[in-house]
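Take a look at the structure set out below.
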Amino acid sequence: MKLSTVESRAQKLIKEWSPRLGLENWDIVIKAVDAKSLTRDAHMSNIAGAPVPLGCCHASAVDMSAVILLNAEANWSMKLDTWESLPVTVVHELLHAFFESTGVNGAIEMIAANENEQRDFSHGIWMGLHPSIERIAQAMLKGQAK
């Protein structure tokens with residue numbers, strides 16, 4: 001799928017799903033970037049052997065804005081049951097913005113600020129939450145498809 005197609009399809013998904021998550025007043029930008037731009041300390045894909053990340057969301061509840069980065073090197077599909085599913089990835093990243101808007105991310109960051117340098121406990125919370133976000137995104141999309 002061409003980059004312009006990926007970004008335009010992702011924008012349509014944002015337009016459809018952001019109101020459902022209470023993010024209709026947010027400024028949400030989509031950008032296709034190279035895979036190395038997607039790594040983050042807390043990202044699951046930094047674990048040895050994990051697949052290359054498909055997306056990342058940088059959100060600010062204060063500014064009511066989010067930048068969703070999508071892996072430009074991915075072999076994107078519109079199918080819901082494939083690893084490189086554009087709809088699942090976009091809704092997954094929107095859920096990160098949703099959790100930022102509800103204060104969940106801030107609570108995890110507060111825990112991290114009170115921990116030692118290794119941030120073991122907050123990292124554990126994040127690692128537990130992240131697969132749940134993926135499952136929620138898949139369930140939301142599959143529920144809509146029926």
Side-chain angles (χ1 to χ4, degrees), residues 1-48 50-74 76-78 80 83-145:
M1 197 180 297
K2 292 174 25 179
L3 289 183
S4 59
T5 303
V6 168
E7 289 177 346
S8 67
R9 287 188 179 180
Q11 194 58 48
K12 287 178 185 175
L13 290 161
I14 296 291
K15 192 173 188 174
E16 177 183 354
W17 285 94
S18 59
R20 295 177 186 191
L21 294 168
L23 302 171
E24 64 273 8
N25 295 322
W26 279 49
D27 179 24
I28 302 173
V29 175
I30 297 284
K31 292 182 184 177
V33 298
D34 58 30
K36 67 182 178 201
S37 300
L38 297 173
T39 58
R40 291 178 49 179
D41 289 340
H43 200 287
M44 285 189 57
S45 296
N46 288 340
I47 299 171
V52 174
L54 295 175
C56 184
C57 179
H58 301 282
S60 170
V62 173
D63 297 333
M64 294 178 64
S65 66
V67 176
I68 295 177
L69 305 176
L70 298 173
N71 186 337
E73 299 162 22
W76 290 108
S77 169
M78 293 305 286
L80 302 181
W83 166 248
E84 295 170 312
S85 170
L86 185 63
V88 173
T89 300
V90 169
V91 172
H92 173 114
E93 299 308 334
L94 276 175
L95 284 166
H96 284 296
F98 168 78
F99 284 118
E100 175 68 24
S101 76
T102 63
V104 169
N105 291 353
I108 294 172
E109 288 173 10
M110 284 177 46
I111 292 168
N114 293 316
E115 289 184 51
N116 63 24
E117 292 178 12
Q118 295 179 355
R119 297 182 163 190
D120 291 333
F121 184 67
S122 60
H123 185 71
I125 292 171
W126 174 248
M127 295 306 283
L129 181 62
H130 203 255
S132 298
I133 291 172
E134 184 74 6
R135 289 180 65 190
I136 292 167
Q138 289 172 337
M140 290 169 61
L141 284 156
K142 287 180 180 176
Q144 175 197 19

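- The side chain to side chain contact (heavy atoms under 4.5 Å, CB included) check on E24 picks up P19, with sequence neighbours excluded.
- Here the options are W17, W26, F99, the test is side chain to side chain contact (heavy atoms under 4.5 Å, CB included), and the partner is L94; only W17 passes.
- Between the CE atom of M78 and the OG1 atom of T5 there is a distance of 10.5 Å, given to the nearest 0.5 Å.
- Minimum interatomic distance between A66 and C57 (heavy atoms only, all atoms of both residues): CB-SG, 4.1 Å.
- By the side chain to side chain donor-acceptor pair (under 3.5 Å) test, D34 is found to be paired with S37, residues two or more places apart in sequence or in another chain being considered.
- Once rounded to the nearest 0.5 Å, the distance linking CH2 of W83 with CG of L54 reads 5.0 Å.
- In this view, S85 and L80, T82, P87, V88 satisfy the side chain to side chain contact (heavy atoms under 4.5 Å, CB included) rule, not counting sequence neighbours.
- In this structure K31 satisfies the side chain to side chain contact (heavy atoms under 4.5 Å, CB included) test together with V29, V33, V67, L69, sequence neighbours excluded.
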Next on the checklist: Run the side chain to side chain contact (heavy atoms under 4.5 Å, CB included) test on L70 and L86 for me, step by step, so that the C-alpha distance in whole Å, both residues' side-chain angles and the decisive distance to 0.1 Å come before the verdict.
Outcome noted: CA-CA 9 Å; L70 298 173; L86 185 63; 3.9 Å; yes
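- Across A97 and L23, no two heavy atoms sit closer than the pair CB-CD1, 3.9 Å.
- Shown here are the salt bridge (Lys or Arg N to Asp or Glu O under 4.0 Å) partners of E16, two or more places apart in sequence or in another chain: R20.
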Next on the checklist: Go through it in stages, so that I can follow the logic: the residues are M140 and L95, the test is side chain to side chain contact (heavy atoms under 4.5 Å, CB included), and I'd like the CA-CA distance, side-chain angles, deciding distance and then a yes or no.
Outcome noted: CA-CA 11 Å; M140 290 169 61; L95 284 166; 4.2 Å; yes
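- Within the model, atoms CD1 of I30 and CD1 of I68 stand 4.5 Å from one another, a figure rounded to the nearest 0.5 Å.
- S65 contributes atom OG, which lies 13.0 Å from atom CG of N25 (distance to the nearest 0.5 angstrom).
- Going from atom CZ of R135 over to atom OG of S132 covers 7.0 Å, rounded to the nearest 0.5 Å.
- If you take NE2 on H96 and CD on E100, they are separated by 11.0 Å, rounding to the nearest 0.5 Å.
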